Amino acid sequence: MDLGQFDRIGPYQWQIPQSGGMRVPAQIFADETLLRDMDDKVGEQIRNVACLPGIVTAAYAMPDAHWGYGFPIGGVAAFDPEQGGVVSAGGVGFDISCGVRLHVTNLAAADIRAVQDKLAHELSRAIPAGMGSRGSIRLNDAEMADMLAGGAAWAVAQGYGRTADLARIEEQGKMAGATPEAVSAKAINRQREEMGTLGSGNHYLEVQRVDQLFDDAAARAYGLAPDQAVVMIHCGSRGLGHQIGTEYLREMAIAAPGHGIDLPDRELACAPITSELGQRYLGVMRAAINCAFANRQILTHLVRGVFDRFFDAATLDLLYDVSHNTCKEERHAVDGVSRRLFVHRKGATRAYGPNAAGLPEALSATGQPVLIGGSMGTESWVLAGDARSEAAALSSACHGAGRAMSRHQAAKLWTGSGVTSELAALGITVKSPSKRGIAEEAPGAYKSVARVVEVAEQAGLARRVARLKPMICIKG
DNA sequence: ATGTTC
């Protein structure tokens with residue numbers, strides 16, 4: 001990235017001043033090295049986002065930002081419906097409500113190590129993974145509609161997991177305002193056999209150990225202790241979300257001129273929040289959020305089933321489940337005035353600070369768990385929402401390491417079996433149906449997640465609580 | 001991310 005276009009407005013905050021068609025400034029949270037290593041496309045993309053109607057405060061990019069479809073991955077942008085604000089299918093992304101959930105266990109790393117290979121094998125048998133993988137659940141039209149309206153609450157009512165899990169999911173596991181009846185038959189048919197599947201790409205299920213604590217009080221509140229085993233799931237709304245994204249990107253791009261919107265980039269396809277199309281997208285996007293909640297909830301149930309076969313009285317309590325590809329209606333203070341905004345977070349995690357409305361009581365004093373999925377074989381992180389993040393970036397933080405190179409480049413540099421052996425030497429068992437997938441996800445293809453979260457903390461976006469190291473990784 | 005190009 002060319003640094004010449006930026007004003008450094010804080011130790012970890014860089015601003016592109018408003019110019020041309022920009023309605024607000026564009027800002028990136030990074031240190032000089034992370035910023036320099038970012039693709040120039042990230043700057044171009046947040047400048048374009050800053051041109052969209054009704055945007056407030058600024059177009060933001062998180063420390064892990066990289067080039068995405070229209071919006072950068074690691075992008076945050078909020079729009080005011082009363083100021084002509086828009087909702088953008090490209091601002092949410094194809095993998096609607098992709099997110100991370102983390103379970104704390106009553107097991108130690110040594111308990112996992114004693115059965116590591118067998119446990120990895122059984123998890124890989126129980127968790128369908130990979131492109132086009134199918135689960136054992138088949139839903140008819142009425143069941144699909146109930147799932148799309150009820151999310152994880154529907155899943156729990158079907159026997160997948162426990163009522164206590166719901167309090168630990170964003171929106172209590174059920175996104176209000178979903179309109180299953182507006183979801184296309186094609187999207188529904190793609191998802192009919194994909195509930196309880198992991199998908200591919202950077203999605204994974206990992207058994208990890210708590211490697212180091214950075215905030216003892218927050219760790220206690222979250223139930224995390226050194227050397228404890230935890231289970232992280234990273235996945236989204238599978239074929240349904242992708243189909244909805246595809247359909248609405250096309251429809252919004254075609255409809256934009258009719259809404260008086262001059263798109264700086266066709267990939268930023270959007271519609272006014274108050275328009276029929278904008279409202280229809282929000283309804284089906286919320287249905288996809290429920291699909292992702294239900295999918296992750298079923299995966300929790302499947303993992304618990306496997307752990308029950310290996311351990312007496314193993315507990316996998318849900319710490320939290322939070323999405324990083326969404327558009328959510330939230331209230332934020334802008335210049336001291338509370339406004340109703342539609343906040344797009346694409347590859348960015350909501351990061352509510354202490355005492356925020358909507359947090360369960362047990363987490364309120366500490367702040368929302370901000371779950372950061374790292375790259376395969378490196379590390380993942382638990383952060384806590386920081387009150388300073390509200391003013392800095394509308395209560396948002398990073399979501400992962402961020403790719404340092406393309407999948408194509410990575411597949412040329414590594415082989416699946418080579419990466420698997422290298423990780424095995426580090427005590428990490430990787431299971432995947434795709435050798436190419438493992439090569440594409442090689443740890444070296446990602447930025448340093450440790451540096452990303454350190455900068456996120458220094459920038460006031462979230463506070464580091466715990467570093468997690470993988471032991472078993474199930475990849476798509 | 002994705003029945004890896006309806």
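We name chains A, B, ... by the order of the sequence lines, and we start the count at 1 in each one. Treat the numbers as computed from the prediction; the structure is a model and nothing was measured.
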Between CZ of A/Arg238 and C1' of B/dT4 the distance, given in whole Å, is 12 Å
Select base, sugar-phosphate, or nothing to describe what A/Gly201 touches, counting heavy atoms under 4.0 Å on all strands. sugar-phosphate
Look at all strands and tell whether A/Gly239 reaches a base, only sugar-phosphate, or nothing, counting heavy atoms closer than 4.0 Å. sugar-phosphate
Can you tell me the distance, in whole Å, between the CD atom of A/Glu441 and the P atom of B/dT2? 11 Å
Would you please indicate if the ring centroids of A/His324 and A/His234 are separated by under 6.0 Å? yes
Atom CD of A/Glu247 and atom C1' of B/dC6 are separated, to the nearest Å, by 11 Å
What is the distance from CZ of A/Phe94 to P of B/dT5, rounded to the nearest Å? 11 Å
N or O in side chain of A/Thr246 less than 4.0 angstrom from B/dT2 OP1/OP2: no
Whole-Å distance, A/Arg407 CZ to B/dT2 C1', equals 11 Å
Counting only heavy atoms not in A/Asp262 (residues, nucleotides, ligands), do more than 12 fall under 6.0 Å from its CG? no
Select base, sugar-phosphate, or nothing to describe what A/Arg250 touches, counting heavy atoms under 4.0 Å on all strands. sugar-phosphate
Distance-only donor-acceptor check, side chains A/Arg403 and A/Tyr446, under 3.5 Å: yes
To the nearest Å, how far apart are A/Leu240 CG and B/dT2 P? 12 Å
Whether the A/Glu247 and A/Ser184 side chains hold a donor-acceptor pair (N or O, under 3.5 Å, no angle test) is what I'd like checked. yes
Pair A/Asp386 + A/Arg463: basic N to acidic O under 4.0 Å: no
Could you list by number each residue of residues 131-143 of chain A showing a heavy-atom separation from DNA chain B of less than 4.0 Å, or answer none if no residue does? A/Met131
Is A/Arg350 paired with A/Glu330 through a side-chain N to carboxylate O contact shorter than 4.0 Å? no
Should A/Glu206 and A/Lys469 count as an ion pair when the cut-off is N to O under 4.0 Å? no
Spacing of A/Glu193 atom CD relative to B/dT2 atom C1', expressed in whole Å: 17 Å
Nearest-Å distance for atom pair CG/P, residues A/Leu249 and B/dT5: 16 Å
